[in-house]
Amino acid sequence: MYLEIQGRIRQKFRETVKSVFNLEVGDPVFDFPPRPELGDLSIAASFELAKKLRQPPRKIADQLAAQLLPIEGVARVSVAGAGYLNFHLDRAVLASVLFQLRTFPALAEAVHPGKVLVEHTSINPNKAAHIGHLRNSVLGDTFVRLLSFRGHHVETQNYIDNTGVQVADVVVGFQHIEKKTVAEVRALVENKDVRFDYYCWDLYARVSNFYIESGDKELRAATLKAIEEGKGEPAEMARLISTAIVKLHLETMQRINVRYDVLVEESEILRLEFWKSAFELMKEIGAIRFETAGKNAGCWVMDLGDSEGEKSEEESAADDVKIIVRSNGTVTYVGKDIAYHMWKFGLLGKDFSYAPFYRYADGKTVWHTGKEAQAGAPAFGHASEAYAVIDTRQAYLQNIVAAAFRALGFHDQAEHLHHFAYEVVGLSPACAQEMGYELRPEDLERSYVEVSGRKGLGLKADDLIDMLVAKASEEVRSREMTQDPAEQAAYGRMIAVSSLRYFLLKFSCHVIITFDFKEALAFEGETGPYLQYTIVRARNIFRKYAADHEGFTPESLPDKVKQTELGRSFAGEDGTAFWELVVLTAQLEMVADQAISTTEPAAVAKYVFRLAQTFNNFYHRFHILHEPDSARQNFLLYLVHIVERTLTQTLGLMGIEVPERM
RNA sequence: GGGCCUGUAGCUCAGAAGGAUAGAGCAACGGUUUCCUAAACCGUGGGUCGGGGGUUCGAAUCCCUCCAGGCCUACCA
């Protein structure tokens, strides 16, 4: 609705500039007037036109304003300041359209052609998830929800690097540090008293020291090779470990409302020789070449010396090269990733077979790429657009994948391959010490310390969630909002999740989150619980009102509040305060689109907080249940309903549920 | 050396493709509850938008340069 009006204004603006000044211009950019009385949308283009037309901007704006109307949805146009064109929307019409839209949201059916594939989480399946992984999953999951809300067909993939070095390291740990057999590791996995992912967390941290102390450089490479080839005990143990850990990761993520459609396993990419197909193609086209001399002798490498042009021959030849196949014949991560991404777009001419891997409580299945093909699997892959949510340190690798696409001639697909980059989560030095880690003096000087699975330094996801749930549950109990223990637990969980998800979403992707307990455990101010509480307040009004008015439902409000009354209320004394709320709720779709196009879900978080703040202010100013004038009371209820629906829907986009009471 | 990112209030961060008086949360101080209302609301103080130059009617925003910090630049991922 709001977006449609914007579109009409743009169109009309161009037409009017053409007819009044005989000038072709592009789409104008909208600004937002600083105060709502000035209007709802503004165009500052008069200032630029002033140059071309050699007329003062104010005069230009005046001439345009006289000719712009009618525009459907716009009540009037005013000129302000030195030449701003301000558009005042038709308040009553917009409010009633929004009421319908928010009360009966359109079914989430895909209106865009094609499929958007979002890969996120993709944690190495060799240890428990930590706070950094949560940021990835929450960003990715929110992005999926946003895409779906805006009419995209979305598929969520979680890539499982079950044949990589990190898994190999834990296998080495079990085999050579703990001297455990496959059977013994299996017993450990099945032992309910052991948190297997936590166990591996500690073991993995010990492996680095083990390599240093034993001086055995071959062990890791040999183990990795065996795993890649799927042979022997190391491979069996790797399968056992990674499968167990992936299940635990799914359970951790489920706690914070993050789910997946399909798990793509690297072992299958190797087994089905996806890599081989990609490799053949790259050789054929000459995207990679075999080095016979120099430091990379025996490797297949890809040239990165792109576009720049002016570069001294010697240095570009030696350094601007990326190894794709190692001299021992194993494939680097990039190589496998190229194959995986080719499959995403259906460029490989091959497909996996799929089997159920995990079932959520409501019956939804998570599939994985398994040998034991099962009928009825959805058609995965064949994306028209692909996003990979990966931290910014891997930008270089992501660029190589895109470069490979271009080298292979897949220019169009390269354009639709997006690296959804975000910064890492670090711990403040004080926080790390609080958790019992000993820091080196140089780390104490830094503003944050990097989380490191290798060193075992980090806050485990489940530990943080546990802390949040404990704190939230304590609040729920002390506020005595319900006596039912099951309800208390449910509220505690919802509040904990909202706190965590909002905390991870409110920062823009390109800032490092320096984790701090005080801030992360806060339930007041700019937090998830604040938002939930705002909705609960709005719902309380309806609950109490309905108790005194038999048979009342919010859906009946349009029958009582006609457009003429809407118009009168918005034009009245407090009209601007009321209108401010409506105009904000109208912006949801615009904000969601912006969050998608900039891969910046924080925009939605900031938006919903602003709406909640505005509502809370309104809530204090206007006492709805005490309102003696029933026409005005109905109007206020009408407003509250629009806001409540918008807040609830927006929190839903962030994966946040709302308790009945708080 | 090269590439990417960051620098805005005491702290943590927003700031819409250059626009109207630079915002929020936390912290500090002062107010507001027999309630639809405190997980909240209102008010006060707090800024050379890292420095310098430039483009422009207009710059936190674009360009150049310098300073400070971070990340990447592996036959790890």
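Lettering of chains follows the sequences in order, A, B, ..., and the numbering in each one begins at 1.
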### Task
Could you check which of B:A20, B:A40, B:A77 has an atom nearest any side-chain atom of A:Val165?
B:A77

### Message
Considering every strand and a 4.0 Å limit on heavy-atom distances, what is the contact class for A:Asn399: base, sugar-phosphate, or nothing?
### Response
nothing

### Query
What nucleotide among B:G25, B:A16, B:A40 has an atom nearest to a side-chain atom of A:Glu524?
B:A40

## Note on the structure
Side-chain atoms of A:Ser508 come closest, of B:A20, B:A77, B:A14, to B:A14

### Message
If I take atom CD1 in residue A:Ile535 and atom C1' in nucleotide B:A40, what distance separates them, rounded to the nearest angstrom?
### Response
15 Å

### Query
So what does A:Asp337 hit on the nucleic acid, given a heavy-atom distance under 4.0 Å: a base, only sugar-phosphate, or nothing?
nothing

### Query
Do other residues, nucleotides or ligands put more than 12 heavy atoms under 6.0 Å from A:Glu218 CD?
no

### Query
So which nucleotide from B:G19, B:C76, B:C71 ends up closest to the side chain of A:Glu48?
B:G19

### Task
Would you check if A:Tyr84 stacks with the base of B:A20, given a 5.5 Å centroid limit and a 30° plane limit, both strict?
yes

### Message
So if I take every side-chain heavy atom of A:Thr332 and compare against B:A77, B:C36, B:A16, which nucleotide ends up nearest?
### Response
B:A77

### Query
A:Tyr619 vs A:Phe615 aromatic rings, parallel, tilted or perpendicular, using cut-offs 30° and 60°?
tilted

### Query
How are the rings of A:Phe622 and A:Phe618 set to each other: parallel, tilted or perpendicular (split at 30° and 60°)?
tilted

### Proximity of A:Tyr530 and A:Phe609 rings by center, below 6.0 Å
yes

### Message
Of the options B:A20, B:A77, B:G19, whose atoms approach the side-chain atoms of A:Asp31 most closely?
### Response
B:G19

#### Entry: Nearest-Å distance for atom pair OH/C1', residues A:Tyr422 and B:C4
17 Å

### Message
Less than 6.0 angstrom separating the ring centers of A:Tyr340 and A:Trp275, yes or no?
### Response
no

### Task
Taking only the side-chain heavy atoms of A:His510 (C-beta and beyond), determine which of B:A16, B:G70, B:U6 contains the nearest atom.
B:U6

### Message
If you only use heavy atoms from C-beta on, which nucleotide in B:C26, B:A20, B:C42 is closest to the side chain of A:Lys518?
### Response
B:C26

### Task
Give one of base, sugar-phosphate or nothing for A:Ala547, where a contact means two heavy atoms less than 4.0 Å apart.
nothing

### Message
From C-beta outward on A:Phe507, which listed nucleotide comes closest to its side chain: B:A39, B:C13, B:C26?
### Response
B:C13

### pi-stack flag for A:Phe32 and B:A16, centroid dist under 5.5 Å, interplanar under 30°
yes

### Task
Both distances under 3.5 Å, Watson-Crick or G-U wobble: report the partner of B:A28, or none.
B:U44

### Query
How is A:Arg543 classified with respect to the nucleic acid when contacts are heavy atoms under 4.0 Å: base, sugar-phosphate, or nothing?
nothing

### Task
For the residue pair A:Phe542 and A:His641, categorise the inter-ring angle as parallel (less than 30°), tilted (30 to 60°) or perpendicular (more than 60°).
perpendicular

### Query
Base, sugar-phosphate alone, or nothing: which one does A:Arg446 contact when heavy atoms must sit under 4.0 Å apart?
sugar-phosphate

### Query
So which nucleotide from B:U73, B:C41, B:C57 ends up closest to the side chain of A:Tyr396?
B:U73

### Query
A:Arg610 side chain N/O closer than 4.0 Å to the phosphate oxygens (OP1, OP2) of B:A16?
no

